[in-house]
K.L.:
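The following block contains the structure, expressed as structure tokens.
What you see is a predicted model, and the numbers here were worked out from it, not measured in a lab.
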Amino acid sequence: MRNRFLGVLCVLLLWGISIARAELRAGIAKVDITPKTHEPLWGFEDRTDPATGTLDPLYARILVLDAGGKRIAIVAVDLGRSFGEPSLDHLKEVVSKSSGISCLLLTATHTHAAPVIKDEYDGSPPEWEQRALNEIAAGIKTASDNLQTARIGTGTGSVFIGHNRLRVNDDGSVSWFEQNPTMVPTSPVDPTVTVLRIDDRNGVPLAILINYACHPVVLGSENLQYSADYPGVTNRVVEKALGGNVQSFFVQGADGDINPYYAVMPMKENAIKLRDWTGEQLGQEVVRVAKGIQTANDPSASIDFREETLHLRLRWDPDQFRAALLKTFGAKSLEQMGSPIRPVIDARVTAVLINKQIAIIAVPGEPFVDFQESWRARCPVGTTLFFGYTNGYHGYFPTIRAASRGGYGAASASTWVEVGAGERMVDWALIETYQMLGRYSTLPDDLTEGAYKP
């Protein structure tokens with residue numbers, strides 16, 4: 001009996017040591033998800049012709065992180081939006097079983113030169129989408145099967161490649177400000193680029209995650225070729241500069257009201273050259289920041305996450321909303337959107353905490369840039385990331401103030417969730433982050449020893 005007790009005690013002690021010394025492990029993969037067919041293209045209501053070919057490939061870039069018995073997959077796809085909930089649910093189930101994934105963040109760069117995705121289909125998703133989902137599942141398994149001890153570090157830089165496209169006039173009205181080639185200063189704009197660098201055990205770069213907020217719309221509706229737009233250029237710049245087998249991940253931030261300086265450029269006006277300039281400006285700053293980051297292997301690495309479905313009301317009367325969609329986008333474009341009009345919208349929000357030092361909020365739509373700045377200012381950790389277009393798509397999330405002023409994305413048919421939805425998401429993620437940090441007591445102060453007595 002005594003030997004049995006000692007054996008159990010040894011197991012518990014060893015288990016405690018392994019938890020205390022939990023190391024961070026990482027794996028990467030990249031799969032080509034470019035359609036082989038000529039699909040309708042996402043993002044511009046005046047573009048009705050399907051794709052004619054490929055300007056540059058569309059990829060799914062996969063980063064799997066593992067620590068303390070939890071495993072998260074971050075999948076950055078060169079698409080206009082993430083897949084619909086039914087496809088995401090199936091993918092989550094597959095990778096949970098095949099790769100032990102506890103949390104999946106599938107986030108779109110929001111390029112407007114990618115195929116249309118619907119929330120729901122009459123039957124199965126189109127062949128290209130089903131193939132992409134299968135390739136992503138296989139890529140997640142590859143990354144999970146090749147996990148290795150990793151070091152992690154973060155840094156921030158600053159670069160201006162875009163402007164706020166909702167110009168507030170002196171009388172309080174809002175004007176559409178699509179292009180800004182003279183780079184007139186606007187506000188709000190967040191020039192912050194947050195860089196997450198992950199190295200192997202020897203300090204060799206393995207992955208560079210880039211979080212920045214700016215619409216990838218240098219290429220306009222005239223372009224009929226698949227392209228990752230400027231984020232694809234940024235990734236290539238970073239990978240070339242850092243060399244080796246490093247993989248770069250562009251993750252779109254809260255870009256709901258931010259356009260690049262050179263937006264929707266006609267092909268005859270050097271659209272591709274200007275796309276490359278935009279991507280290179282960001283990429284060069286990322287390289288500068290990444291090279292200065294010191295990575296470390298935290299002996300008590302951890303991954304925590306919380307997921308919640310927020311039930312949001314439809315902002316508009318359903319009949320009036322349908323009429324506005326038809327007027328704005330037309331019957332064909334409305335059909336391509338594939339987002340059913342429902343009185344209640346179920347929006348999935350995720351909060352992630354890595355090593356108690358890096359906090360991520362992931363939201364299913366297009367948040368205005370104020371939310372990114374608010375998240376950074378209010379979050380109780382040193383490094384924050386804001387993922388837009390993640391795990392679903394429910395249109396624009398304007399701030400309450402922006403919704404009151406109006407304009408595209410603020411009070412147009414492109415936003416259909418209730419006013420205040422974005423604020424609710426950020427507040428929820430903040431509360432969950434504090435809880436994951438253990439900052440909230442499990443008992444009222446009245447029941448804790450030494451509590452203040454009036």
K.L.:
Any idea how His215 and Tyr396 line up, ring-wise: parallel (<30°), tilted (30 to 60°), or perpendicular (>60°)?
P.N.:
parallel
K.L.:
Does a donor on one side chain sit under 3.5 Å from an acceptor on the other, for Thr399 and Asp370?
P.N.:
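Short answer, no.
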K.L.:
Just wondering, are more than 12 heavy atoms of other shown residues or ligands nearer than 6.0 Å to CG in Asn245?
P.N.:
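No - once you tally the heavy atoms of other residues, nucleotides and ligands closer than 6.0 Å, there are 12 at most.
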K.L.:
I'd like to know if the side chain of Asp200 pairs up with that of Gln148 as donor and acceptor (distance under 3.5 Å, no hydrogens or angles considered).
P.N.:
no
K.L.:
Residues two or more places apart in sequence or in another chain: which of them pass salt bridge (Lys or Arg N to Asp or Glu O under 4.0 Å) with Lys97?
P.N.:
Glu93
K.L.:
Does any donor atom in the side chain of Glu239 or Ser248 lie under 3.5 Å from an acceptor atom in the other side chain?
P.N.:
no
K.L.:
Please tell me if the side chains of Glu23 and Asp298 come closer than 4.5 Å, counting only heavy atoms from C-beta onward.
P.N.:
no
K.L.:
Can you tell me how far apart OG (Ser99) and CZ (Arg71) are? Round to the nearest 0.5 Å.
P.N.:
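Nearest 0.5 Å value for the OG-CZ distance: 7.5 Å.
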K.L.:
Side-chain contact test, heavy atoms from C-beta onward, threshold under 4.5 Å: evaluate it for Val417 versus Leu314 and give yes or no.
P.N.:
no
K.L.:
Can you confirm whether the side chains of Tyr389 and Gln252 place a donor and an acceptor under 3.5 Å from each other?
P.N.:
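There is no such pair between these side chains.
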K.L.:
Check salt bridge (Lys or Arg N to Asp or Glu O under 4.0 Å) between Arg313 and all other residues, then give those that pass, not counting sequence neighbours.
P.N.:
Glu418
K.L.:
Do we see a donor-acceptor contact under 3.5 Å between the side chains of Ser227 and Asp229?
P.N.:
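No, no side-chain donor-acceptor contact under 3.5 Å.
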K.L.:
Kindly indicate, with the supporting measurements, whether the criterion side-chain hydrogen bond (donor to acceptor under 3.5 Å, both in side chains) is fulfilled by His311 and Asp346.
P.N.:
CA-CA 5 Å; His311 306 296; Asp346 293 334; 2.7 Å; yes
K.L.:
Just by distance, no angles: are the side chains of Asp199 and Thr295 close enough, under 3.5 Å, to form a donor-acceptor pair?
P.N.:
yes
K.L.:
Are a donor atom and an acceptor atom from the side chains of Glu39 and Tyr226 found within less than 3.5 Å of each other?
P.N.:
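No, because no side-chain N or O of Glu39 sits under 3.5 Å from a partner of the opposite role on Tyr226.
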K.L.:
Among Tyr59, Tyr230, Phe387, which residue satisfies the ring-ring contact (aromatic ring centres under 6.0 Å, His included) criterion with Phe250?
P.N.:
Tyr230
K.L.:
Do other residues, nucleotides or ligands put more than 12 heavy atoms under 6.0 Å from the CZ atom of Arg201?
P.N.:
no
K.L.:
Within the supplied structure, the quantity of interest is the number of heavy atoms (other residues, nucleotides, ligands) at a distance under 6.0 Å from Glu308 CD; does it exceed 12?
P.N.:
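For Glu308, atom CD is crowded (more than 12 foreign heavy atoms under 6.0 Å).
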K.L.:
Take Thr111 and Thr109, measure what side-chain hydrogen bond (donor to acceptor under 3.5 Å, both in side chains) needs, and give me the verdict at the end.
P.N.:
CA-CA 6 Å; Thr111 174; Thr109 63; 5.4 Å; no
